Amino acid sequence: MRPNAEIADLLEEYADLLEAQGVEYKHRTYRRAAESIRDSPEDIAALAAEGPEAVQQIQDVGESISKKVVEAVETGVFEQLEEARAEMPVEMAALTGVEGVGPKTVGDLYHALDVRDLDDLENAAREGEIRDVSGFGEKTERNILEGIEFARQSQGRELLGDARPVGEAALDFFEAIPEAGRCELAGSLRRWKPTIGDIDVLVGSDDRQAVIDAFTDWEQADEVIEAGTDKAAVRSEGQRVDLRVVVPDEFGSALQYFTGSKQHNIRLRNYAIERDLKINEYGVFDVSQVEDPNSGQRVGQRVAGRTEDGMYDALELPFIEPEMREDRGEIDAAADGDLPDLIAEGEVRGDLHLHTEWSDGEYTIEQMAEAAVEFGHDYICVSDHATGPGMVGGVGLDDEELREQLAEIRDLESDLPVTVFAGVEANIAKDGSISVGDDLLADLDCVVASPHSGLEGDGTDRIVAAIEHPSVDIIGHPSGRMIHRRPGVELDIDVVARAAAENDTALEINSNPHRLDLWGSAVKQVVECGATIAIDTDAHSPPEYEYVRYGVHTARRGWAQADDVLNTRDAEGVRDFLH
DNA sequence: GCCGTTTTCGGCCCGACTGTTTTCAGTCG
């Protein structure tokens, strides 16, 4: 975890404990300070090393909190937090992770029933003790029990690949409702973040009640969490789907607002204020003639709100694609007319990383080739695993078997419906060496090299060594991360990207939803260094070709244009690139 | 506890929703 996040977590825990003890106001300050530190580009450990005054540069951090931050950086905790923990020894993060349970509830249940952790909470609910606590009832007790179960199994965020299909099913459902006007996904799902907190759907309608009513009857809704006049939430396939219904006139502003990110919207709001405009979920308002722009949500002359395009237009900005709204300079780029023309779904013409039954795939070379044609690809690269570090259970092919496979591909070539490059996915050992003989590598059309084991610590030198190998064309899943399972090796992306640019080696965006490796911010650095990206699926079966869209949108999160991506070229263009 | 002034103390984002407490507190986004 980034040191900023660790410090922010401590301050938030302290804020929760203060609030649980009924302390007013102070906890809000700690929470604001925690957010500022979490979002600050400054390294909090470096600031702390300079002393409390340096830490106070950060918004909402004053004399008192800055001292606690310095102490926390040096010792891992601060005194007042330890005292608060001693006074109320509860597992705050775990308990507040349960839906509907906040700091006050934790405090109440600790005092009344000595609830300290999730097990205590579950027991108290099962024994029917919670309903007897003042302010609680049977309904709350039941909700807590259900919340515990969900918190335990889901650990928070869902994979993009799991959330997207549910979100799209919800979208299809709303589009078929006569009372529903425009429907869009919003939030991190619309920005295609690798993990999603909950699924946000926005609908514009003049008959909001009809849309809400239809939603709570949605056949894919397993449970209705809440339902009011403007919004509702259900659980579908274990995921929370949040619906918000707005009048058609405010659809564009609501869509802009609920798409986020929060940081993008904050920057956009300030950009508006500088121009005597006010932007919020209800529209863009000209407040140049208004004495107090903060006197209400809809004060001033409304100049936009019906469409999202119009929102940006009112600020004299071109439309900014949702994937770019992460406060990584997109508003400045838009103002300067420097927005990239992002790569689009459908521009990827082939897949350069996939597996067949020769290694751990389930289908033959012919079957994968035929499925590729059906999918719309012009070419594929058969890149079965080579034996070597990380390939257990005899999955990988040795050099002799790879020679056999190469011969078979050459043999089949003329009968196959697409261009098939003969390749391999070789392993990059801890010292950066490649697990396949150099002469064989030189004979293959396309060499993908990937890390599969020893995925700890800094991997920069290891990956750079592989990039510099004369036969390596693509670095597959460069970090080796698996989302929710392991972080992968640490990489200095700038160093890796510069080496890749110098050696004409492509860096992969592995489109598998469990990987998405590289990811948006890394892709942006790679593109800025002038290196080439390859968007591959690592498919082990035909349906996995579909993953490519997750790769394309990840590339868009990294501001990549079609020219930056190797496999937007035709087969001959790819062949020219390969070593 | 921090901020921003009204410059040394008053105010702190807010609207929607739920469940329970008949008038509101806690949670969430």
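Chain A is the first sequence line, chain B the second, and so forth, proteins listed ahead of strands; every chain is numbered from 1. If you're wondering where the values come from, they're calculated on a predicted model, not measured in any experiment.
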Where the side chain of [X] is defined as all heavy atoms beyond and including C-beta, which of [options] is the nearest nucleotide?
X        : options               : result
A:Thr140 : B:dC3, B:dT20, B:dC17 : B:dT20
A:Asp230 : B:dG1, B:dC3, B:dC17  : B:dC17
A:Glu226 : B:dT18, B:dC2, B:dT20 : B:dT18

Quote, to the nearest angstrom, the [atom1] distance that separates [N] from [M].
N      : M      : atom1 : result
B:dT6  : B:dC12 : P     : 15 Å
B:dC17 : B:dT23 : P     : 23 Å
B:dC2  : B:dC13 : P     : 15 Å
B:dG10 : B:dG15 : C1'   : 24 Å
B:dC14 : B:dC9  : P     : 25 Å
B:dA16 : B:dT8  : C1'   : 38 Å
B:dT5  : B:dG1  : P     : 23 Å
B:dG11 : B:dT18 : C1'   : 29 Å

Just call it for [X]: base, sugar-phosphate, or nothing, with non-hydrogen atoms closer than 4.0 Å on any strand.
X        : value
A:Ser134 : nothing
A:Ala227 : sugar-phosphate
A:Glu281 : nothing

Starting from [atom2] on [N], measure out to [atom1] on [X] and report it in whole angstrom.
X        : N      : atom1 : atom2 : result
A:Gln59  : B:dC2  : CD    : C1'   : 9 Å
A:Arg32  : B:dC13 : CZ    : P     : 6 Å
A:Leu11  : B:dG1  : CG    : P     : 12 Å
A:Lys278 : B:dC14 : NZ    : P     : 10 Å
A:Leu243 : B:dA16 : CG    : C1'   : 13 Å
A:Asp60  : B:dC3  : CG    : P     : 6 Å
A:Asn265 : B:dC13 : CG    : P     : 18 Å
A:Tyr30  : B:dC12 : OH    : C1'   : 16 Å

Watson-Crick/G-U partner (both atom distances under 3.5 Å) of B:dC17: B:dG26
Do any side-chain atoms of residues 228-235 of chain A form donor-acceptor pairs under 3.5 angstrom with protein atoms, and if so which ones, sequence neighbours left out?
none

When A:Arg31, A:Lys104, A:Arg28 are each screened for side-chain hydrogen bond (donor to acceptor under 3.5 Å, both in side chains) with A:Glu19, the one that passes is A:Arg31
Please classify B:dT8 as syn or anti, treating any glycosidic angle within 90° of 0 as syn. syn
Between the side chains of A:Ser66 and A:Gln56, is a donor N or O closer than 3.5 angstrom to an acceptor N or O? yes
For A:Glu129 and A:Asn123, does a side-chain donor sit closer than 3.5 Å to a side-chain acceptor? no
With sequence neighbours left out, the residues meeting ring pair (Phe, Tyr, Trp, His ring centres under 6.0 Å) with A:Phe174 are A:Phe215
Closer to the 5' end of DNA chain B via nearest nucleotide, is it A:Lys26 or A:Ile212? A:Lys26
Stacking between B:dT20 and A:Phe136, yes or no? Criterion: centroid separation under 5.5 angstrom, plane angle under 30 degrees. no
Is there a side-chain contact between A:Lys193 and A:Leu160 in this structure, where contact means two heavy atoms from C-beta onward sitting under 4.5 Å apart? no
I'd like to know if A:Arg240 pairs up with A:Asp242 as an ion pair, taking the criterion as any Lys NZ or Arg NE/NH1/NH2 lying under 4.0 Å from an Asp or Glu carboxylate oxygen. yes
Greater than 12 external heavy atoms within 6.0 Å of A:Asp341's CG: no
Quick check: are there more than 12 heavy atoms from other residues, nucleotides or ligands sitting under 6.0 Å from CD of A:Glu274? yes
Between protein and nucleotides 23-29 of chain B, map the contacts as a letter string: B base, S sugar-phosphate only, - none, heavy atoms under 4.0 Å, written 5' to 3'. ---SSSS
Within less than 4.0 Å of OP1 or OP2 of B:dC13, is there a side-chain N or O belonging to A:Arg28? yes
Counting just side-chain N and O atoms, does A:Thr29 come under 4.0 Å of either OP1 or OP2 of B:dC3? no
